[in-house]
Novice: 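Dropping the structure in here first, questions after.
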Amino acid sequence: MVATLPHDDLDLLYQWFVVRQYGQGLRLNRPIFGTHVTVVRPEEDVPNMTLWGRYEGVQVDVEYDVELRNHFGFWSLPVYSDFFQEIRVELGLPPEPDFHITIGRQFDWQPIPPGARRYAAEIRAERLARERGAFADIPPLL
C-alpha cells in the first residue's frame, strides 16, 4: 500500500542536492514507482484485509523532513504521519518506525558518504532541538 505524491519530480530536485553536495560521481537512479510513501510493504502479511482499500483516493497532507539520508543504497526523505500509523494499526500491523519518500537509488559501486547514514528519528530529534533553541527567548502563549 503506497501513498503517491502528486508532484512526481520531487526526486529530481533532491537528486540535484545530492550531486551538488557529493559531486558528479554520485548520480542516483529515479524511483521505479515514482515518488511515494510505502505504508504497507509487499512482504507484510495483513491480518485485517477487510479494511484494505478503505482510503483509496483519499488525499492526505504529508509532513516530510528536507534532510536527505541514505539507507541500504537508497536516498530518502523521512516522513512523519500519524494517519499512516493509524492505517497500519487498523490493518492489524505494528506501527512503522520509518516512513520515507525515496528520491533515488545509488549504484552498488558508489561509496556511501558517512554523513548520509542517518535515521529518521535522529534527524527529527535534531530538528526539534534546533527549533526549541531558536524560540527559547519567546515567551509561551497563555
Side-chain angles (χ1 to χ4, degrees), residues 1-22 24-136 138-142:
M1 174 188 295
V2 298
T4 57
L5 277 67
H7 302 292
D8 201 37
D9 55 354
L10 183 70
D11 60 325
L12 293 177
L13 171 67
Y14 284 96
Q15 285 184 20
W16 179 85
F17 287 116
V18 169
V19 170
R20 182 178 168 107
Q21 184 168 357
Y22 299 108
Q24 293 288 330
L26 188 58
R27 291 204 171 258
L28 306 177
N29 290 324
R30 292 188 80 182
I32 294 173
F33 304 108
T35 50
H36 67 276
V37 178
T38 301
V39 179
V40 178
R41 292 180 302 284
E43 65 273 8
E44 291 184 284
D45 290 324
V46 178
N48 191 1
M49 283 299 290
T50 58
L51 296 176
W52 190 264
R54 180 178 183 183
Y55 299 104
E56 181 90 24
V58 172
Q59 291 189 10
V60 179
D61 289 328
V62 176
E63 178 185 348
Y64 67 92
D65 205 309
V66 297
E67 195 163 332
L68 284 167
R69 67 190 185 101
N70 181 285
H71 54 108
F72 307 112
F74 290 90
W75 288 74
S76 64
L77 301 167
V79 170
Y80 314 111
S81 175
D82 293 334
F83 182 66
F84 293 160
Q85 297 292 13
E86 291 168 14
I87 291 173
R88 289 184 60 82
V89 170
E90 282 182 8
L91 293 173
L93 296 168
E96 175 62 48
D98 196 30
F99 293 118
H100 61 271
I101 299 169
T102 301
I103 60 117
R105 182 176 183 268
Q106 73 184 72
F107 297 102
D108 292 337
W109 52 267
Q110 294 173 315
I112 300 171
R117 299 175 191 208
R118 305 183 64 214
Y119 294 98
E122 184 182 327
I123 293 169
R124 187 175 206 185
E126 289 171 6
R127 181 171 301 288
L128 291 173
R130 283 193 306 268
E131 288 172 358
R132 276 194 290 272
F135 299 108
I138 299 173
L141 297 174
L142 297 177

Novice: Nearest 0.5 angstrom please: Arg105 CZ to Asn70 CG, how far?
Specialist: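 Atom-to-atom, Arg105:CZ and Asn70:CG are 11.0 Å apart.
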Novice: Using the salt bridge (Lys or Arg N to Asp or Glu O under 4.0 Å) rule, collect all pairs that involve residues 47-60, keeping only residues at least two apart or in two chains.
Specialist: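 Found Arg54-Glu90.
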Novice: Please list all pairs meeting ring-ring contact (aromatic ring centres under 6.0 Å, His included) that have one or both residues in residues 24-54, counting only residues at least two apart or in different chains.
Specialist: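 As it turns out, there is no ring-ring contact (aromatic ring centres under 6.0 Å, His included) pair with a partner in residues 24-54 once direct neighbours are skipped.
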Novice: If you round to the nearest 0.5 Å, how far is CG of Leu128 from CD of Glu126?
Specialist: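 Taking CD in Glu126 and CG in Leu128, the distance rounds to 10.5 Å.
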Novice: How far apart are the closest heavy atoms of Pro95 and Gln85, and which atoms are they?
Specialist: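 Of all heavy-atom pairs spanning Pro95 and Gln85, the closest is CA-OE1, 3.2 Å.
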Novice: Taking side chain to side chain donor-acceptor pair (under 3.5 Å) as the definition, give me every residue that meets it alongside Asn29, ordered by chain and number, with sequence neighbours left out.
Specialist: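 Listed in chain order: nothing, the list is empty.
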Novice: Taking all non-hydrogen atoms of both residues into account, name the closest pair between Pro47 and Gly92 and its distance.
Specialist: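 In terms of heavy atoms, the two residues are closest at CG-O, 3.3 Å.
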Novice: Tell me, please, which residues at least two apart from Thr4 pass side chain to side chain donor-acceptor pair (under 3.5 Å).
Specialist: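 Not a single residue meets the side chain to side chain donor-acceptor pair (under 3.5 Å) criterion with Thr4.
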Novice: State which residues pass side chain to side chain contact (heavy atoms under 4.5 Å, CB included) with Leu13; sequence neighbours excluded, sorted by chain then number.
Specialist: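 Leu13 satisfies side chain to side chain contact (heavy atoms under 4.5 Å, CB included) with Phe17 only.
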Novice: Is the shortest side-chain heavy-atom distance between Tyr14 and Leu28 below 4.5 Å?
Specialist: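 The answer is no, as the side chains (C-beta and beyond) never meet within the 4.5 Å cut-off.
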Novice: How long is the span from the CE atom in Met49 to the CG atom in Leu91, to the nearest 0.5 Å?
Specialist: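 So the gap between those two atoms works out to 8.0 Å.
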Novice: Would you please test Leu26 and Trp75 for side-chain contact (heavy atoms from CB on, under 4.5 Å) and show each step?
Specialist: CA-CA 11 Å; Leu26 188 58; Trp75 288 74; 3.6 Å; yes
Novice: Could you work out, with salt bridge (Lys or Arg N to Asp or Glu O under 4.0 Å) as the rule, every residue matching Glu44, not counting sequence neighbours?
Specialist: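 Result, salt bridge (Lys or Arg N to Asp or Glu O under 4.0 Å) vs Glu44: Arg41, Arg88.
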Novice: Would you mind listing every salt bridge (Lys or Arg N to Asp or Glu O under 4.0 Å) that reaches into residues 70-86, with sequence neighbours excluded?
Specialist: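 Passing the test, one end in residues 70-86: no pairs.
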Novice: What's the spacing between Leu10 CG and Ile101 CD1 if we round to 0.5 Å?
Specialist: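 One finds 5.5 Å between CG of Leu10 and CD1 of Ile101.
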Novice: Could you walk me through whether Asp65 and Tyr80 pass side-chain contact (heavy atoms from CB on, under 4.5 Å), step by step?
Specialist: CA-CA 8 Å; Asp65 205 309; Tyr80 314 111; 3.3 Å; yes
Novice: Mind checking ring-ring contact (aromatic ring centres under 6.0 Å, His included) for Tyr64 and listing every partner two or more places apart, or none if nothing turns up?
Specialist: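 Result, ring-ring contact (aromatic ring centres under 6.0 Å, His included) vs Tyr64: none returned.
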Novice: In chain order, what residues pass the side chain to side chain donor-acceptor pair (under 3.5 Å) check against Thr35, with sequence neighbours excluded?
Specialist: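 By the side chain to side chain donor-acceptor pair (under 3.5 Å) rule, Thr35 matches Asp8.
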Novice: So Ser81 and Glu63, side-chain contact (heavy atoms from CB on, under 4.5 Å) or not? Walk me through it.
Specialist: CA-CA 7 Å; Ser81 175; Glu63 178 185 348; over 6 Å; no
Novice: Which is it for Val79 and Glu96 under the side-chain contact (heavy atoms from CB on, under 4.5 Å) test, yes or no, and what are the steps along the way?
Specialist: CA-CA 11 Å; Val79 170; Glu96 175 62 48; over 6 Å; no
Novice: Looking only at heavy atoms, what is the nearest atom pair of Thr38 and Phe99, with distance?
Specialist: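 Closest heavy-atom pair between Thr38 and Phe99: O-CD2, 3.4 Å.
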Novice: Would you give the length of the straight line joining atom CD1 of Ile87 to atom CG of Leu93, rounded to the nearest 0.5 angstrom?
Specialist: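 Ile87 CD1 to Leu93 CG: 11.0 Å, rounded to 0.5 Å.
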Novice: Listed by chain and number, what are the ring-ring contact (aromatic ring centres under 6.0 Å, His included) partners of Phe74, not counting sequence neighbours?
Specialist: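 Once residues adjacent in sequence are excluded, Phe74 has no partner under the ring-ring contact (aromatic ring centres under 6.0 Å, His included) criterion.
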Novice: What's the shortest heavy-atom distance between Gln15 and Pro31, and which atoms?
Specialist: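 Closest approach of Gln15 to Pro31: NE2-CD, 4.5 Å.
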Novice: Roughly how far apart are His71 NE2 and His100 NE2, rounded to 0.5 Å?
Specialist: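 His71 NE2 to His100 NE2: 4.0 Å, rounded to 0.5 Å.
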